[in-house]
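Working notes for the structure below.
It should be emphasised that the depicted structure is a prediction, and the values quoted were computed from it without experimental measurement. In what follows, chains carry the letters A, B, and so on, assigned in the order in which the sequence lines appear, proteins first and then strands, with residues in each chain numbered from 1.
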2 protein chains.
Amino acid sequence: MQAEDRRVQIISRSTDLFLEQGFAGTSMSMIAKRCGITKASLYHHFNGKDELFVACVTSGYQRALDALTEIIAQADRPAGQKLAEAMTVLYDITISSSVGRMSPLIAEVSRTFPNVARSFHSEYIAPQQDLVWNLIEAGQASGEFKDLDRGLLFHMLFGPIVTLSLSREMFSTFDDLDEHFPVGHLRDGHLNVILGMLRKDR
Amino acid sequence: MQAEDRRVQIISRSTDLFLEQGFAGTSMSMIAKRCGITKASLYHHFNGKDELFVACVTSGYQRALDALTEIIAQADRPAGQKLAEAMTVLYDITISSSVGRMSPLIAEVSRTFPNVARSFHSEYIAPQQDLVWNLIEAGQASGEFKDLDRGLLFHMLFGPIVTLSLSREMFSTFDDLDEHFPVGHLRDGHLNVILGMLRKDR
DNA sequence: GTCTATATCACGATAGAC
DNA sequence: GTCTATCGTGATATAGAC
């Protein structure tokens, strides 16, 4: 297999394993086996486990951010409607995409590799918040939204989503997972609360 | 040292280590050294690493729940005021106490030991939610609060708190941590949003 | 680019003396 | 209750042939 294709495959398979078993719980042997090669071949493509993990975290950033950018860039539509679509995307990428589900993992390794947490923040969290804030400011400029503390808005907007993702990871063995944590229902109610915070009273 | 004292010491020290290094990242040797004994002595008190970890998670439950119970049981006072105090306690135990900070850890081990996640939910999360819900129902009975979907309320109430705790763990190496995540400020704004959801409109 | 073979080390856990 | 000594395993990582 070509080197680049192999790299992509390794990142994909090892991301799955890290999500399943955690960082320390995933060994290079397991990764090699999952890719159908030996450990020595694996080390030909990545110098070590740390480097591979960083590649896994980093590779998911752009795709997730692109989906958000697309919504912000759309032709003029009510900010409330854009926000509704943005929140749908945020729920999707936080709960279903690898980069969103990696938050607890990054917390796990952040003490050992503080750089991972820093890059996660500066290359993913901060740009994501900036994109959402652009949307909010557009709504304020058009008079649809009122002024609101940025930190508080993100606390109320991202907080429930990230916790929902964490809960679903944590209790993934529950057979009534969707009953305990019904994503669509919670997202709709959440959106209404956020709109209530943003919309000018009467 | 007496067996019981030693057990307590081991649980305390190993809880710190698990929080610092994760489950797989913490070895029995590290724990023994931190306690000033050898590995063999450690195994005299706990049959294995799993058992020790479960003891760490479990030992924090009751203290955290007691603090909440105290508030609910207080003499009659406006439900809004009780809720404000309950949220202060929830922020404290989720962000500062070991059991609150253990959520990402439990997510890490939940695949390998599903029982840990189940016990965490049934012995800590569910009772905590029941206590808060008692408070809400009292407010509804007195006419102070309106009806509200239980799942949505918990989504909006616990979500931001748990995520704030996770973020502070994840970015604990940031030197401007309290500037990025000002607990008191976010808690006050959060309370107002929750009260806005619960209070009857004019 | 992939392999076999191996070096080196730390892990969880145990045996048995005191 | 704590110790020294050790077993067996699996971890990261490398050497060198093809």
Centroid-to-centroid, A:Phe171 to A:His180, below 6.0 Å? no

So, for A:His155 and B:Phe181, is the gap between ring centers shorter than 6.0 Å?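 When the ring centroids of A:His155 and B:Phe181 are compared, they turn out to be at least 6.0 Å apart.
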
Interatomic distance, [X] [atom1] vs [N] [atom2] [rounded to whole Å]:
{"X": "A:Ile37", "N": "C:dG1", "atom1": "CD1", "atom2": "P", "value": "11 Å"}
{"X": "A:His44", "N": "C:dT4", "atom1": "NE2", "atom2": "P", "value": "16 Å"}
{"X": "B:His45", "N": "C:dA13", "atom1": "NE2", "atom2": "C1'", "value": "16 Å"}
{"X": "B:Ile31", "N": "C:dA10", "atom1": "CD1", "atom2": "C1'", "value": "15 Å"}
{"X": "A:Leu42", "N": "D:dT14", "atom1": "CG", "atom2": "C1'", "value": "13 Å"}

Quick one: which protein N/O atoms are closer than 3.5 Å to N/O atoms of nucleotides 16-18 of chain D? Pair and distance per line, please.
none

Please identify each residue that fulfils side chain to side chain donor-acceptor pair (under 3.5 Å) with A:His190, with sequence neighbours left out. A:Tyr91

List the atom of A:Pro160, the atom of A:Met156, and the distance in Å for their closest heavy-atom pair. CD-O, 3.2 Å

Ignoring hydrogens, what is the shortest heavy-atom contact between B:Leu65 and B:Glu123? Give both atom names and the distance.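 Where B:Leu65 meets B:Glu123 most closely, the heavy atoms are CD1-O, 3.7 Å.
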
Could you go through residues 127-136 of chain B and list every donor-acceptor pair under 3.5 Å that involves a side-chain atom there, pairing it with any protein atom two or more places apart or in another chain?
from	atom 1	to	atom 2	distance (Å)
B:Gln128	NE2	B:Tyr124	OH	3.1
B:Asp130	OD1	B:Arg150	NH2	3.1
B:Trp133	NE1	B:Glu137	OE2	3.3

I need the full list of side-chain hydrogen bond (donor to acceptor under 3.5 Å, both in side chains) pairs touching residues 11-25 of chain B, with sequence neighbours left out, sorted by first then second residue.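 Sorted result for residues 11-25 of chain B: B:Glu20-B:Arg34.
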
Is there a side-chain polar atom (N or O) of A:Ser41 under 4.0 Å from OP1 or OP2 of C:dG1? no

State whether B:Thr38 places a side-chain N or O below 4.0 Å from either non-bridging phosphate oxygen (OP1 or OP2) of D:dC3.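 Yes, B:Thr38 has a side-chain N/O under 4.0 Å of OP1/OP2 on D:dC3.
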
Residues which pass salt bridge (Lys or Arg N to Asp or Glu O under 4.0 Å) with [X], listed by chain and number, not counting sequence neighbours:
{"X": "A:Asp178", "answer": "A:Arg168"}
{"X": "A:Glu85", "answer": "A:Arg77"}
{"X": "A:Arg118", "answer": "none"}
{"X": "A:Lys146", "answer": "A:Asp201"}

Produce the list of close N/O pairs, under 3.5 Å, pairing protein atoms with atoms of nucleotides 11-13 of chain D; give distances to one decimal.
from	atom 1	to	atom 2	distance (Å)
D:dT12	OP1	A:Met28	N	3.2
D:dT12	OP1	A:Lys49	NZ	3.4
D:dT12	OP2	A:Met28	N	2.9
D:dT12	O4	A:Lys39	NZ	3.2
D:dA13	OP2	A:Tyr43	OH	2.9
D:dA13	OP2	A:Lys49	N	3.2
D:dA13	N6	A:Lys39	NZ	3.1

Listing, residues 93-102 of chain A side-chain donor-acceptor contacts under 3.5 Å, not counting sequence neighbours, or none:
from	atom 1	to	atom 2	distance (Å)
A:Thr94	OG1	A:Leu90	O	2.7
A:Ser97	OG	A:Ile93	O	2.6
A:Ser97	OG	A:Gly100	N	3.3
A:Arg101	NE	A:Glu169	OE2	2.7

Interface residues of residues 4-12 of chain B with DNA chain C (non-hydrogen, below 4.0 angstrom): none

In residues 52-59 of chain B, what residues come within less than 4.0 Å of DNA chain C, judged by heavy atoms?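 Heavy-atom contacts with DNA chain C come from no residue of residues 52-59 of chain B; none.
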
Output yes when a side-chain donor or acceptor of B:Lys33 lies under 3.5 Å from a complementary backbone atom of B:Thr38, and no otherwise.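 Looks like no, no N/O pair under 3.5 Å.
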
